[in-house]
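Chain letters run A, B, ... following the sequence lines, proteins first and then strands; every chain starts at 1.
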Amino acid sequence: MTLSFGTFAGLASVLFGIGAMGFLVRRSFLVQLMCLELMLNAVNVLLVAFNRARPENHDGQVFAFFVIAVAAAELAVGLAIVIAYFRLMKTVETDKANRLVE
Amino acid sequence: MDQISYETALLWVFLLPLAGALVNGLLGRNADRGLVGGIATGSVALSFLLSLLCSVRVLGMVGGEEDAKIVTDVYAWMSVGSLPIDVRFVLDPLSAVMTLFVTGIATLIHVFSLGYMSEEKSWARFFAYLNLFTASMLLLVLASSLPVLFVGWEGVGVCSYLLIGFWHEEGAFADAAKKAFIVNRIGDFGLVAGMLVLAFAASSFELSAINTSIAGSPHLHFAQTDIKLATVGGLLLFLGASGKSAQLPLYVWLPDAMAGPTPVSALIHAATMVTAGVYLCCRLSGVFLASHTVLVVIAFAGAATALIGALSALVQTDLKKILAYSTVSQLGFMFAAVGVGAFTAGLFHVVTHAFFKACLFLGAGSIMHAVHAHGDADVRFLGGLGKKLPRTHATFLISVLAIAGLPPLAGFFSKDEILAGAAAAGLYAGETDPFFATTGFIVLGVLGVSAVLTAFYMFRAYAMIFRGTYKGAENGYAEEPQESEPVLTVPLIVLAVGACVVGFIGLPHAWHLPNLLGHALEGTVHDLELPQATNLPSFIALGVGLTAALVGLFAAHVAYPGDGPDKVAVLPERVRGFFLRSFGIDDLYARAVARPVRVLAEFSAAIDRTLVDFVLVEVPRHATALASRLFVKMQDGVVHTYALAMAVGLAALVGFYTYPHTDVTAVVNGNAVTLRTEPGLGYRYRWDTNGDARGDEGWESELAAGTNEIEAHYEPSDFAGIELLVRTDRYPDRTLRLGRHPRELTEADLEPGQLVTSEIGELRPAVWVEGNELHVRPNGRQLYVGARALPLDQESVVRANESLRVGRSAMIIVLPVVRVGLEVETAFGQRVHRTFDIALMQESMRTDLPVTEIAGEEEGEP
């Protein structure tokens with residue numbers, strides 16, 4: 001069975017939408033980080049799908065690897081921030097992180 | 001000493017006080033007080049010695065073969081058009097006399113100040129100002145040209161301002177300084193304007209050149225009358241002189257100027273600066289002699305000032321105010337002398353007045369020092385100081401008698417000369433100018449009365465201070481006044497001696513004794529030449545002057561024997577108040593000048609408050625504050641808000657970029673047409689280049705670059721219509737898209753403005769559209785299509801890609817219109833189908849080339 005580009009694009013859109021919606025509505029720092037990962041992976045799917053549609057080179061796949069690597073690094077920093085934030089506020093709820101405006 | 005050394009010495013006469021001012025002004029603040037005072041006094045004293053040296057040389061040359069002058073070229077300042085302005089010092093007999101008494105009296109007053117100002121904190125500042133004043137005054141009298149003179153003129157004005165307001169912590173003193181400065185600006189306007197008029201008339205800024213060539217200068221035609229340039233220039237110069245020398249109506253600043261320290265009043269506001277106006281008149285005597293009108297104006301102004309000053313001085317109770325009004329009055333005498341053409345007499349009075357008035361002021365200073373008065377000394381509260389202050393008493397008395405005009409003191413001789421000048425003008429000018437003669441007699445009378453008043457008010461002041469018993473102790477002055485120390489009294493004695501002897505330099509001609517001053521100034525200052533010269537005026541003057549002095553002095557002597565009421569109190573209160581307020585001139589200024597200015601200022605302030613402060617400041621401020629309150633809500637610090645904003649923005653971007661873009665442009669080069677639409681990621685295109693609603697090549701199967709651009713060829717049968725491009729030389733191109741239906745073109749279609757109408761004229765061709773063609777019937781007007789001339793009375797056809805030329809600068813280009821279909825599908829399956837009507841304009845036509853160049857080479861109109 002050959003899947004069309006549209007299928008991949010649809011999957012990527014749905015994944016991205018779930019990630020974005022989760023990021024917007026959830027308040028837990030950790031869940032938001034997971035949603036972030038979800039959005040990044042949606043982009044990865046789309047990149048690979050583009051590569052499949054235009055297989056002359058492997059730009060899309062290579063780019064997807066970069067995204068995965070950068071996402072790992074970003075997550076490391078993000079978790080560090082979560083720990084620091086928890087030490088400071090005794091909570092991981094991000095809507096409490098508004099000290100600068102108060 | 002050779003000539004060069006004299007020239008250098010003359011330069012140093014000016015430079016020494018200037019150097020003193022710079023050293024003390026810049027470095028003196030924390031320096032040793034003795035050193036500062038030594039530098040200041042020493043530089044002026046040295047300057048006096050040098051000027052004595054130079055003056056002896058110059059005065060020795062009088063009557064010799066060569067011109068009696070020392071000239072020092074300093075440097076070329078600038079040139080105005082073809083007129084050079086050089087900084088050049090000239091010491092001729094006139095400036096020698098001025099330089100001598102300026103430096104001499106300045107030296108004495110510096111010495112006096114060493115004692116008088118000994119408790120002053122701003123010691124160096126005071127001496128720097130005094131030195132700067134001396135330098136400026138020397139620049140004024142040594143200048144060879146009007147602009148350089150003007151620099152000195154302004155320099156003394158600035159120093160006067162600075163010194164009047166020397167104790168500027170006190171508001172009233174600062175106000176007095178400002179008043180002096182502003183009133184002087186009015187006069188300075190006159191001087192600058194007069195300077196320009198004279199430079200125009202004489203084609204030179206040099207004083208000597210102006211003096212000699214002004215008489216032959218052209219006349220001004222204004223309102224059908226001839227006005228001599230000398231008259232205009234002279235009146236303007238007098239305006240300048242009357243500001244600086246406190247003449248009517250600009251004298252109001254001088255009484256207030258007494259706010260300055262007393263030595264300053266003596267030096268600047270009695271002896272030197274205020275006589276600069278008289279000096280100017282003497283220096284430019286040629287200008288004033290060239291116009292009797294100006295002389296008469298000056299004579300009346302001077303005489304009136306003399307009388308008003310004397311009457312005001314009569315009722316004053318503050319010692320310095322008495323002396324100030326006395327100075328105004330005496331300056332009036334000097335100007336009256338100038339006005340009757342007796343310039344030498346005026347200058348003579350400048351010199352003698354400098355001695356006795358400086359002595360009086362310094363005497364006043366000494367008295368105030370002795371009774372510990374600060375700023376003002378009310379003569380009603382003094383008295384009985386004759387025994388307590390013997391040296392001050394003696395010198396003051398000598399000066400009082402000198403100013404009253406008692407022989408053989410200085411004032412007698414100079415006043416005598418002035419009265420003689422007025423009498424001579426009255427007696428002998430009648431043959432040529434009867435009005436001038438009348439003026440002479442009026443001046444003589446007014447000055448006679450003023451002289452009586454002068455003797456009276458001065459002796460009144462003397463008697464109230466020195467006779468009777470001392471009343472100062474119960475009025476806030478010192479308990480037991482002590483005679484001042486020698487540093488104060490020695491200058492007094494020197495000046496008093498001067499007041500005794502300086503009169504002998506100008507003995508009347510009638511006495512057949514040498515008149516040294518008159519002889520020295522013979523070649524420099526020219527008095528009015530009268531048809532006759534006898535001794536009669538001198539005898540009249542002697543009679544009037546002596547009588548006035550004796551009457552005035554005797555009356556005051558009787559009226560003020562000792563303690564007792566002030567006899568001027570017998571004057572009605574209103575008259576006395578009027579005199580006290582110096583004839584209400586100040587009130588007049590307040591009403592005529594200050595009030596309108598205040599009204600204008602309040603009006604401006606209202607505009608400032610409403611327009612600037614409210615509309616331009618408050619309104620934007622509130623708008624900004626409101627906007628900030630709105631926008632600050634967006635920054636709530638909650639991550640989710642920001643994330644939502646990002647999500648919305650992202651969605652908008654996605655929407656924008658995924659919507660198919662289909663605009664089509666056509667590039668035409670000859671027959672080849674390139675159609676182009678915007679590229680998009682993942683787009684697929686289908687072209688329908690001939691507009692038949694069927695695709696040309698079917699759908700592209702794969703995403704491929706380049707299909708957003710396609711080549712097409714069109715035949716006339718493909719044209720879906722035409723578009724007219726109206727191109728003129730004067731207006732931007734204008735296009736008319738026409739439908740398929742036949743239509744006659746109206747004027748509005750073809751004419752940007754009135755251009756084509758004017759080009760086509762009355763024989764208006766008929767132009768209309770049928771199908772893909774433009775039809776034209778020229779109606780007798782020669783029209784062209786390309787290079788082809790159309791038949792005049794026949795209908796012709798202009799096809800697509802041709803142009804119809806109308807006149808020289810207007811043409812109608814017929815562009816074919818084709819219909820193009822385009823279908824675009826995005827990567828997300830969104831599909832858009834649009835149809836475009838595109839006018840095919842050759843690339844060569846897009847330029848702004850002039851109509852004639854596009855149309856072809858044929859020239860000319862039928």
* To do: For each of B:Leu644, B:Leu650, B:Val639, tally heavy-atom pairs with chain A at distances under 4.5 Å, and name the one with the top tally.
  => B:Leu644
* Closest heavy-atom contact between A:Thr94 and B:His640? -> OG1-CE1, 3.1 Å
* Side chain / backbone / both / neither for B:Ala647 at chain A, heavy atoms under 4.5 Å -> side chain
* Can you name the residues of residues 56-87 of chain A that have some heavy atom under 4.5 Å away from a heavy atom in chain B? -> none
* Neighbours of chain B found in residues 19-47 of chain A - heavy atoms under 4.5 Å -> A:Phe23, A:Leu24, A:Arg26, A:Arg27, A:Gln32
